[in-house]
Structure formats: C-alpha cells, structure tokens
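Below you'll find the structure, written out as structure tokens, and then a few comments.
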Amino acid sequence: MVDLVPSGSATASPLTGMALRASASGGRGWPGHARTAQFLLTLASGAVNAVSFLALGGVFTSVMTANSALLGLALGNGHLSLANLAALAIAAYLVGAAAGSWITAASGPAPLTGVAGALLAESALLWALFAAWLFLDGAPGTTARGALLAVGATAMGCQSGSVRVVAGSSVTTAYITGALTGLVAQATVERKLQRHNALVILLLPVGAAVGGAAVRWARLLAPAIPAVLVTAALLVTVARRRSARGDGPPGDA
C-alpha cells in the first residue's frame, strides 16, 4: 500500500530539503499511513467539487485538467463568463497550492506549520465559504459566485500542495487521473490490484454524490460537508501526531 511518509534523499530538491528539516523539528510530519485522513480529504474534494460545479458556475475547485479544457472550450465558443470562472479557479488553485506547499514544508510551531497547519488553513477557508454561503442564503449572485469559487479552489489547492509535499506524487486526494492510470497499469502489467488506491478512486465520486445530493435537498448545508470532512482529517492528523510522539511509530490510521 502507499505510504504517506515520503521517501528519498534530502538532496533531491530544495523543497525536499526544507520538508526534511521541518520534519526533524516536528513541524511537518504526517504520521503513519494516515489513510483515514486521506479518505476524509478525498470525500471532501468530491463534495466541494460538486458544490462548485452545480452552484458556483459550472467549474471545478480541484480538477484543473477539466478547468483547463473548459477554459479553452469557453474561449473558443465565446462564452466569456465561463472562461473567466475557469481562469479564476485555476489561478486560485495555484495560489492555494503554493500556500499549502509552503506551510507544509516550513518549520515552526505546530499546528501552524506542517500538514496540520495546511489542513487548518484549508479548514478555515471552507468554513468561511460556508459562512458566506449562509449569509447569501445559498443563492450567491455573479460576483459572489466568483468569490466563493476562488475560496473553494484556494482551499483545494492548499490541500493538494500539502499532500504533494508530505506524501509525494504517488498520493492524491483531489484528482484521480494519475491514480486511475497507475491502478490500471499495475493491474495490467503486474497483475496486482492496489485496493487502497482503488478505494480512494471510488471515494471521490462518492463525495461528489453526497455533495450533489446536498445541493439539491439541503442546499444551505451543502458547503458544510467538505468543511466538516477536512476538519475531521485535521483532528485525525493531530491525534496521530500526538500518538506518534507518545508511543513511537504508529500503525495505519
């Protein structure tokens, strides 16, 4: 199974060096395999993507491949409003990815740095989105939709950047193209099925289904679902970190 603790030498890149130094100071590590946190974050990604697609203009908050395609299609067909939203989501995602990567790789007092710090920032963004959604009675106008989309995309970028720093490119929680390709390639060539990765791939559409159902049947509460899930992942991460410090290397969470 995939381990969420990255491997490799400290000289691989400046970012890797930063991350390893931070881990030594206790600011960054994601103890154990952190599977529970990965599952929760994947569900959250699906849910927030459903909310953004159905209620914030028809674009996604974490699937930048789809947003890039939507941007090109919209420009080619003269749909400037959709093009603007797709471009906004991409830009906000990049800002979030930079912030999440920096927080995770930086050294400093927990929980302000490390993966817990990045999840704390992401959680704050998602709760802010939910609060604004409630204030707007679940019916944001054009400008508000763009602002909420930017907040959601920043949160997803923060999550993806953090996971990339702490776990490497083999682990994902916000998009599944690479994971799906790897799963099929390994099953075809090595005749092995990574059940853990298969479950992660299934959880993204499950989260989207839950988010989509919430938009339809409990619209005011829909953005709370990803916020709750990310907060739960944060609590799991903090608990595992404390367990790792107190009891030695933990098992899978």
Side-chain angles (χ1 to χ4, degrees), residues 2-45 48 61-62 64 90-129 150-175 178-179 200 226-227 229-245 249-250 252-253:
V2 175
D3 192 340
L4 287 187
V5 179
S7 60
S9 69
T11 59
S13 69
L15 182 58
T16 303
M18 280 184 64
L20 293 174
R21 288 194 298 273
S23 180
S25 67
R28 170 190 151 272
W30 197 348
H33 287 20
R35 291 176 186 165
T36 301
Q38 185 186 8
F39 294 156
L40 290 167
L41 292 176
T42 304
L43 287 168
S45 297
V48 75
T61 52
S62 73
M64 294 303 111
I90 293 170
Y93 181 89
L94 293 175
V95 170
S101 300
W102 182 83
I103 293 170
T104 304
S107 60
L112 299 181
T113 57
V115 66
L119 293 180
L120 179 62
E122 180 189 2
S123 179
L125 288 168
L126 291 175
W127 283 115
L129 190 158
V151 172
T154 301
M156 289 298 100
C158 186
Q159 175 179 308
S160 295
S162 178
V163 171
R164 180 61 180 260
V165 169
V166 79
S169 60
S170 62
V171 175
T172 181
T173 60
Y175 43 84
V200 170
L229 290 168
V230 172
T231 301
L234 169 62
L235 294 177
V236 167
T237 298
V238 171
R240 295 300 295 172
R241 173 181 288 174
R242 290 177 178 175
S243 175
R245 288 175 177 173
D252 295 348

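Side-chain atoms are counted along with the backbone in the values below, which use heavy atoms only and exclude waters and symmetry mates.
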To the nearest 0.5 Å, how far apart are CG in Leu94 and CE in Met64?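 Rounded to the nearest 0.5 Å, the CG-CE separation comes to 8.0 Å.
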If I take atom CD1 from residue Ile103 and atom OG from residue Ser162, how far apart are they, to the nearest 0.5 angstrom? 8.0 Å
Nearest heavy atoms of [X] and [Y], plus distance in Å:
{"X": "Ala118", "Y": "Gly100", "value": "CB-O, 4.1 Å"}
{"X": "Thr61", "Y": "Tyr93", "value": "O-CD1, 3.5 Å"}
{"X": "Ser123", "Y": "Thr231", "value": "OG-OG1, 2.8 Å"}
{"X": "Ala44", "Y": "Val230", "value": "CB-CG2, 3.7 Å"}
{"X": "Thr172", "Y": "Val200", "value": "O-CG1, 3.8 Å"}
{"X": "Ala37", "Y": "Thr237", "value": "CB-OG1, 3.9 Å"}

Per-pair distances, 0.1 Å, donor-acceptor, side chain in residues 150-159, under 3.5 Å, sequence neighbours excluded:
residue: Thr154; atom: OG1; partner: Ala92; partner atom: O; Å: 3.4
residue: Thr154; atom: OG1; partner: Ala150; partner atom: O; Å: 2.7
residue: Gln159; atom: NE2; partner: Leu41; partner atom: O; Å: 3.4
residue: Gln159; atom: NE2; partner: Ser45; partner atom: OG; Å: 2.9
residue: Gln159; atom: NE2; partner: Thr173; partner atom: OG1; Å: 2.6

Mind checking what makes side-chain hydrogen bond (donor to acceptor under 3.5 Å, both in side chains) contact with Thr42, not counting sequence neighbours?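 Partners of Thr42 by the side-chain hydrogen bond (donor to acceptor under 3.5 Å, both in side chains) criterion come out as none, since no residue qualifies.
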